[in-house]
Each structure stands twice: as structure tokens, then as C-alpha cells.
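Worksheet: one structure, shown below.
Keep in mind that what you see is a predicted model, and the values were worked out from it rather than measured.
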Amino acid sequence: MLELRPYQAAAVDSLWDWFTRHEEGNPVLSLPTGSGKSVIVAEICRQAITNWPGSRILMTVKSQELCQQNAEKMVAVWPEVPLGIHSASLGRKDLGAPVMFSTIGSVWRKAHLLGRVDLIIIDEAHMVSSKEEGMYRVLVTDLRKYCPGVRVVGLTATPFRGNGVWLSDGEEPLFTGIAAQVTMRELLDAGYLAPLVVAPTTTVFDAEGVEIQNGDYNIRQLAAKVDRDQLVQQACDELCRLGTERKHWIVFGVTIKHCEHIAEALRDRGIEARVIAADTPKDERKALIAAYKQGQIRALVSVNALSVGFDAPATDLVALMRNTRSPVFYVQCAGRGMRTAPGKVDAAWLDFTDTTAILGPVDAIKGRARPRS
């Protein structure tokens, strides 16, 4: 059985304390990338089932990778866990276990088949809509028809949405407060995260004149500005020069076509690079990630398919080749390089945009209230 770190145990204790003090509402646990959210989830489930026999818990996530990762950590923390997995992409359709892990796409329309559920845990909770819409909200609303007392816990590294507004703020927010918050600075100071080292770049992807929509740049306009051959070639020249000593690179682009141009330019320079997109077939995606972890592929290039739930601790270079105003995307990208690994001291942060200058240090990002008319 895994031994919890002090802040992990404290976060679990804070959750139960929050529920004791609030007869209604749904809390968020704000936990940075690399803090071990899956271990915390496992301990929450273990304590709930142990202290309240007969309880049933549904853990739901966006992707099969997250579902698989969380299930493996659950078994490591609690080998005797009565665990079921419901995920079409993983080929599992368990529904009756006391602890059920699922991908949201497989379960959102199945509230009537789940039986009694006492607690729903949602990973990457910043993806939950502030309105009564979207798969997570449909699932919660439908479950409440059968289980009026069901409570929801959200876990996220960023307790705000892509536009920076707190998850507990909005027209019809699902979440009502923060039960525990562990900061990136705390984990850096304690040695649980690897620091980012800013490498100076001279190539600049300029977003001047690009419209802001829903808190971030218009993708079509941004691509027209930055997906230019000369710019891509210059940036890749710098990336290869500054990343000479780094072995595992992740690069973020604007569109799939832009990512393909970046990967092609890197391969022309002798760097084994591949693109992973949201629609990359699962077997191909699994093979690419395995090859990356084994060092057979040096660089993975993506729009945002690697920004959430991608667990490759050896990543020691992150390059931003797309401008963003989204604090969520910014923090998620940076987090890919901050996990610790044997022999890893830090990770290089190469920002070819003005993102870091505009949004500030990644460990100082905070949410904001929704503007009032």
C-alpha cells in the first residue's frame, strides 16, 4: 500500500471536514499537476467505503488514459478495492461495483443503469460547464433524479475555467467552494515538482491583431499569423539548439496542420518527432506515447491532446509555439514538464510567444470573478 505524502493526507481530511460543515454543495480539490491526484482519489474512495460501508462511488474522467491511470493507482493504494471499470475505449462495461471508474463519454447517458450513487468524483473539473449543459452536467442532473443526495467532488490543477473565472462562479455552477488547495509553490519548495528553467528565445510568434473569443485567441486567425514556413523553420532551429541536452520534448502548436509542419521541420533536423491529435487512433496513440517514454521518439507535437492527463515524468523540455490567453491551458502545458523522475533536475521552458510575459509566472496564476454587467 502506498504511503500518502503529508499534503495528500491533509487534502483528504479537508474534504471530509468540508462535507461536515456544508450539508449541501459540491467542493473542489485544487491540486497541481504532479501532486498525485490519482493517489488522493484512491484514498478518498478507500476511506469512504471503509468508514461508510455500503457507499457507492463513481469516478469519471475525460479520456481512457486517465481512467486507466487512476485505476492502476487505486489498486496500488488499495489492493482489495471492489473496483469496476466502465469505458468503451478500454473494453470494460462494469456497472455494479462499489467503486466505478468510467470515461464520461461511456456513462453520461446511463444514470438509470448505475443504481444508487453517493459520491461522484470528476477529474479535470475545469472542463465542467458553468451552465446546465455538457456530458458531466447531464450525468449529474440525471443521477439526482434517482439519488437526490448525491454529492460531487471536482479535482483540478486549475480551479477556474479557460477564461480564468472561478469554477464556483457562473450562471449555474456545479461547484460551490474549494475544500483544499495545494499550491505549485508548496510542491516546488518541498521537491515534489521539478522547476521550469526559462530558456531565452529570439523567434517570436506574434498574435497582434488576433481576436479574443471566449477567453482565448481565435484559432483560425492565430493559425494564419503563426503557421508560416519561415517562422516555423526559425523556431525549430532555436528549439534544436536550446534542447541539445534534453531528451524528451513536448511541443504545442495552434492546429494539427501547424503541428505537422513543426514535426516535419524537426525531422528535417534529425529529431524524431511525431504528432498526436485528439483523433489519433487509440492504438497508434498508445504506441507513440510508449515510444516517446522509451526514448525512441524525442518530440511529441500536439495542439492540446497532451495538455491534460498525459503522464510522462521524464519530459524535460516544453516548447510553446502557440499563443494563448487561457490560464488553464498555460498551466496545463507547463505542468507536462514539472513531474519528477530519476535523474531529472528540471525542465526547459521555451516560450516562442508572449504568453509567459502576459500571464506571468506559472506558479502565480490565479482565477478571477465573473465580470458583472
Min side-chain heavy-atom separation V41-D123 under 4.5 Å: no
Non-hydrogen side-chain atoms of L58 and H86 separated by less than 4.5 Å: no
Side-chain (R137) to main-chain (S129) donor-acceptor, under 3.5 angstrom: yes
Pairwise side-chain contact, I365 with V331, heavy-atom cut-off 4.5 Å (strictly under): yes
Single-linkage hydrophobic cluster V204~V210, side-chain heavy atoms < 4.5 angstrom: no
Residues, nucleotides or ligands: over 12 heavy atoms within 6.0 Å of K282 NZ: yes
Polar side-chain atom of Q68 near backbone of L90 as donor-acceptor pair, under 3.5 Å: no
Sidechain-backbone polar pair: R274 side chain, Y292 backbone, donor-acceptor under 3.5 Å: no
Minimum heavy-atom distance P82-A97, with the two atoms named: O-CB, 3.6 Å
Exercise: identify the closest heavy-atom pair between T33 and Q332: OG1-OE1, 4.0 Å
Stepwise salt bridge (charged side-chain N to carboxylate O under 4.0 Å, His left out) check, D189 with R185: CA-CA 6 Å; D189 291 343; R185 174 47 53 191; 3.1 Å; yes
Crowding at CZ, R116 (>12 non-hydrogen neighbours, <6.0 Å): yes
Atom pair OG (S302) and CD1 (I250), whose distance is rounded to the nearest 0.5 Å: 8.5 Å
Donor + acceptor pair across side chains of T158, Y330 (<3.5 Å): no
From CA spacing to verdict: side chain to side chain contact (heavy atoms under 4.5 Å, CB included), V303, F252: CA-CA 5 Å; V303 176; F252 291 97; over 6 Å; no
OG1-NE2 distance between T255 and H261, expressed to the nearest 0.5 angstrom: 7.5 Å
Geometric class of the H22/W18 ring pair [parallel <30°, tilted 30-60°, perpendicular >60°]: parallel
Side chain to side chain, V128 and L167, heavy atoms closer than 4.5 Å: no
Derivation of the side chain to side chain contact (heavy atoms under 4.5 Å, CB included) call for D94 and M100: CA-CA 8 Å; D94 307 330; M100 296 173 288; over 6 Å; no
Any donor-acceptor pair under 3.5 Å from N26 side chain to R151 backbone: no
N214 atom CG, over 12 foreign heavy atoms within 6.0 Å: no
cation_pi(R322, F329) dist<6.0 Å, angle<=45: yes
Contact check, side chains of I49 and W78, non-hydrogen atoms, under 4.5 Å: yes
Side-chain heavy-atom pair N323, L222 within 4.5 angstrom cut-off: yes
R339 backbone acceptor or donor facing K344 side chain under 3.5 Å: yes
Side-chain donor/acceptor of S106 to backbone N/O of A88, under 3.5 Å: yes
Distance, nearest 0.5 Å, that separates CG of D316 from CZ of R246: 5.5 Å
ILVMFWY cluster, V198 and L242 together (side-chain gap under 4.5 Å): yes
Centroid-centroid distance, H112 to Y146, less than 6.0 Å: no
Whether N51 side chain and Q47 backbone form a donor-acceptor pair below 3.5 Å: yes
Side-chain donor/acceptor of D351 to backbone N/O of T356, under 3.5 Å: yes
Rounded distance [0.5 Å steps], CG in L83 versus CE in M74: 6.5 Å
Approximate separation, where rounding is to 0.5 Å, of E172 CD and K131 NZ: 8.5 Å
side-chain hydrogen bond (donor to acceptor under 3.5 Å, both in side chains) partner of T324, chosen from T355, D216, N304: D216
From CE (M338) to OG1 (T315), nearest 0.5 Å: 13.0 Å
Minimum heavy-atom distance A111-D142, with the two atoms named: CB-CB, 3.5 Å
Donor-acceptor under 3.5 Å (R46 side chain, V81 main chain): no
Heavy-atom closest contact (F175 atom, V153 atom, distance): CE2-C, 4.1 Å
Min side-chain heavy-atom separation V301-W249 under 4.5 Å: no
Polar side chain donor-acceptor pair, T203 to E238, under 3.5 angstrom: yes
pair Q233-R269: side-chain heavy atoms closer than 4.5 Å: yes
Residue pair M59, V99: steps toward the side chain to side chain contact (heavy atoms under 4.5 Å, CB included) verdict: CA-CA 8 Å; M59 167 79 182; V99 179; 5.8 Å; no
Residue pair L143 / G115: nearest heavy atoms and the distance that separates them: CD2-O, 4.4 Å
Main-chain N/O of S35 paired to Y7 side chain as donor or acceptor, under 3.5 Å: yes
